[in-house]
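In what follows, chains are A, B, ... by sequence order, proteins preceding strands, each numbered from 1. Everything quoted here is computed from the prediction, not taken from an experiment.
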Protein chains: 2
Amino acid sequence: MKKKDLDERKKKVLQAIVEEYINTAEPVSSGSITKGHGLDYSSATIRNDMAQLESIGFLDKPHTSAGRVPSAEGYRYYVNELLKEDNLSLEEIKYIQNKLKIKVNEIEDLTKVATTTLSEITHYTTVAVGPKADKQIIEEIKFVSLGQRMLMVVIVTDTGLVKETIIKFDEDITESQVDTLNNLFNTRLRGKPLSKIDKPMADYIFSEVHYSIGIMKAIIEQINKIVEEENNNIFLEGAKKSFDLPEFKSMKVAKNFVNLLDAKDEMLEIFNSGDAEDINVFIGDDDENSNLKDFSIITFKHTLGDKDLGTIGIIGPKRMDYAKVIAVMKYISKKLNEDNDKKEGM
Amino acid sequence: MKKKDLDERKKKVLQAIVEEYINTAEPVSSGSITKGHGLDYSSATIRNDMAQLESIGFLDKPHTSAGRVPSAEGYRYYVNELLKEDNLSLEEIKYIQNKLKIKVNEIEDLTKVATTTLSEITHYTTVAVGPKADKQIIEEIKFVSLGQRMLMVVIVTDTGLVKETIIKFDEDITESQVDTLNNLFNTRLRGKPLSKIDKPMADYIFSEVHYSIGIMKAIIEQINKIVEEENNNIFLEGAKKSFDLPEFKSMKVAKNFVNLLDAKDEMLEIFNSGDAEDINVFIGDDDENSNLKDFSIITFKHTLGDKDLGTIGIIGPKRMDYAKVIAVMKYISKKLNEDNDKKEGM
DNA sequence: TTTAGCAATCAAACACAAAGAGTGCTAAAG
DNA sequence: CTTTAGCACTCTTTGTGTTTGATTGCTAAA
């Protein structure tokens with residue numbers, strides 16, 4: 001049997017199982033879904049369907065006399081084919097509106113508020129990562145001296161993001177040197193992506209500036225550090241909530257969770273791999289020794305027009321309430337764009 | 001019996017029990033400490049001592065036929081009276097030296113490196129909190145305009161800390177306004193602690209500047225936000241390591257741990273309450289429903305002369321290796337001061 | 001004061017039975 | 001051909017009683 005060709009009843013059975021399991025976190029028996037969910041068959045009939053759904057890999061059986069549990073594939077089919085839109089309650093809508101109403105100076109703050117709100121409404125752990133360095137265009141680089149031996153570098157990007165760093169030197173730095181720096185860096189980097197501040201760029205700067213190698217080295221080092229940090233910056237919210245989930249009774253699951261949150265590279269890869277237009281659902285595979293085994297990640301891009309302002313996501317159990325989460329995300333995503341439009345126009 | 005008047009043998013027995021428990025995480029039986037630890041008595045003798053140590057509250061008994069476990073009071077006595085200095089291995093010393101050698105631009109970075117190193121050597125979770133706002137003296141406030149409607153505020157404090165924030169306005173701001181701001185804030189705030197940027201100060205500024213109430217409000221709001229953030233800033237390292245501890249097999253303990261890390265106010269209170277000169281040991285009380293029940297916190301102040309540069313600490317199980325942790329902390333604390341001396345002199 | 005000896009205590013481990021949940025299969029009914 | 005009732009079978013969970021082993025507390029002797 002082709003996996004796509006589920007007859008209507010089997011679809012309903014799968015859907016009922018997934019939804020039941022999301023609610024109860026217990027294996028679902030054939031008897032428990034004979035009524036409701038648009039079904040009205042005997043448990044024997046359901047059982048036959050279940051056996052087939054298992055044989056094509058959509059269901060798992062913890063052991064003979066337990067019910068069935070959706071497999072990662074089962075969840076995927078459910079999310080792609082069976083999920084029906086959930087509607088937010090009026091309170092939820094009001095709550096979100098109220099939260100996103102705040103005035104912010106940096107887009108980054110707005111992303112954070114949205115991430116926090118998402119966690120508050122869904123009760124899952126949420127995460128925000130900034131846009132990658134190659135997506136951020138430098139609008140201005142400004143060097144400001146703070147006393148004789150201290151210099152601040154400010155980088156303003158088109159995402160409204162402003163990054164600063166302080167550099168201290170062993171030697172004095174003059175105002176004219178600061179001017180040179182401002183000229184040099186701006187003519188060279190304005191309009192380029194953040195990621196352009198790299199080795200070739202450093203070499204060029206070195207070739208242009210013949211004095212104070214020490215100063216130049218310190219500057220380039222520090223700027224590289226900002227870019228690096230910017231590329232690896234992860235904001236986390238509501239991690240503690242996850243520990244109330246029933247799956248966290250298993251120490252193994254809890255440990256996988258903290259390992260997952262700690263594996264920033266893995267997280268960044270997932271968060272940056274999603275499609276820009278859509279809500280992306282990553283359902284943890286069944287691989288026994290993956291951190292992701294028990295979890296799913298759902299992400300969406302915070303955008304303004306075609307500007308990438310970073311990715312916001314949720315990390316929950318595979319058994320998470322996909323319909324609700326996706327509905328909340330869609331709403332927040334829409335609101336973020338509305339608000340941004342207003343801000344642009346102001 | 002007075003708690004302080006333990007005879008020599010009882011001290012040794014208590015010490016042996018604590019150390020054995022630290023090693024094994026299992027209740028300690030009378031039989032297991034008849035030899036070694038400077039003891040050479042029969043188990044019956046040890047048993048008598050144990051019974052008395054229990055009656056004065058230094059030991060607990062999970063149940064009749066288990067061994068004994070130190071109580072919070074027992075740990076306290078051990079730490080205050082019995083602990084003998086541990087020595088670091090040559091490798092450990094080298095490792096720390098190497099890590100702290102790095103050149104930093106902000107003291108904050110040095111604190112972070114020290115905190116990370118502390119976690120790496122001890123394998124416990126470590127934490128750093130910055131100095132409180134009333135301990136940080138403002139050396140300069142600088143307003144820098146970034147385009148017509150964007151202003152950056154930089155605050156340099158005597159701890160070398162530089163805080164920046166960006167403020168966006170709905171109206172244009174002129175260079176002369178920026179000059180006024182610089183004058184006003186600097187004459188008023190230079191030499192004052194960060195915490196002085198408060199309501200009375202805001203009122204004063206309002207009374208002096210008669211134009212652009214909107215701009216002034218935005219500025220004061222933002223500055224308050226920095227100070228607030230600065231006061232609540234917690235840096236955490238190695239939280240994941242704790243999950244390998246045997247005590248984390250109990251979900252209750254794991255949950256207490258994440259709750260503890262999440263309860264920033266509680267953490268800050270503990271971290272800020274320590275004595276400046278010393279290494280401070282907070283041993284979790286026996287109170288059943290406290291987050292701290294299973295944990296101890298050890299802190300020391302990162303200082304330079306009499307300047308408070310923040311507090312660094314460790315959060316581990318009550319059963320943690322106090323001798324080792326304290327030894328490492330003492331060494332790092334000393335090194336931080338040495339390095340700072342060098343940095344001051346450069 | 002210390003220790004040997006021993007009964008008493010209690011968790012942990014084991015074994016076994018019974019109960020309960022749920023399946024898979026078969027054969028009959030629709 | 002699809003659906004369903006019926007029932008044997010499987011496997012976990014729960015309960016119970018038993019044994020084992022660790023460890024203590026007490027007593028009486030060294």
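Nucleotide C:dT2 holds its P atom 13 Å from the CD atom of B:E8, rounded to whole Å. C:dT3 atom C1' lies 11 Å from atom CZ of B:R9, rounded to whole Å. One can place CD1 of A:I46 at 14 Å from C1' of C:dT23, the figure rounded to the nearest angstrom. When rounded to the nearest whole Å, the span between CD of B:Q52 and P of C:dT1 equals 10 Å.
Taking 4.0 Å as the cut-off between side-chain N and carboxylate O, A:K11 and A:E8 count as a salt-bridged pair. With respect to B:R68 and B:D60, no salt bridge is recorded, no charged nitrogen being found less than 4.0 Å from a carboxylate O. Salt-bridge annotation for B:K84 and B:E19: present, with a side-chain N of the basic residue lying under 4.0 Å from a carboxylate O of the acidic one.
The closest side-chain donor-acceptor pair between B:Y331 and B:E92, if any, does not fall under 3.5 angstrom. Checked by atom type, the side-chain pair A:T299/A:T311 shows no donor-acceptor distance below 3.5 Å. Under 3.5 Å, the side chains of B:T34 and B:S43 contain no donor-acceptor pair of N or O atoms.
Ring geometry for A:F257 against A:F243 counts as perpendicular: the plane angle is over 60°, on a 0 to 90° scale with 30° as the lower cut. Using cut-offs of 30° and 60° for the angle between ring planes, the A:Y322 and A:Y78 rings count as perpendicular.
B:K94 pairs by the side chain to side chain donor-acceptor pair (under 3.5 Å) definition with nothing, not counting sequence neighbours. Partners of B:S42 under the side chain to side chain donor-acceptor pair (under 3.5 Å) rule, at least two apart in sequence or in another chain, are B:T45.
Residues of residues 15-24 of chain B that place a heavy atom closer than 4.0 Å to DNA chain C do not occur.
In this structure, A:K318 and A:D285 approach most closely via the heavy-atom pair NZ-O, 3.7 Å. Minimum heavy-atom separation, A:V69 to A:P62: CG2-CG, 4.2 Å.
Residue-level contact check: A:S30 touches the backbone only, with heavy atoms under 4.0 Å from sugar-phosphate atoms and none from bases. When heavy atoms are screened at a 4.0 angstrom cut-off, A:S29 is found touching the sugar-phosphate backbone but no base atom.
Boundaries of the chain A contact region on DNA chain D are D:dT3 to D:dT12, first to last in 5' to 3' order (nucleotide atom under 4.0 Å from a heavy atom).
Mapping B:T45 and A:P27 onto DNA chain C by nearest heavy atom places B:T45 at the nucleotide closer to the 5' end.
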Can you tabulate the close N/O pairs, meaning under 3.5 Å, that link protein atoms to atoms of nucleotides 6-9 of chain C?
from  : atom 1 : to    : atom 2 : distance (Å)
C:dT9 : O3'    : B:T64 : OG1    : 3.4

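Each end of the helix from C:dT1-D:dA30 to C:dG30-D:dC1 yields a helix axis from five base pairs, and these two axes differ in direction by 20° (to the nearest 10 degrees).
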*Can B:D49 and B:R9 be said to form a salt bridge (Lys or Arg N to Asp or Glu O under 4.0 Å), step by step?*
CA-CA 8 Å; B:D49 286 352; B:R9 194 181 61 212; 2.6 Å; yes

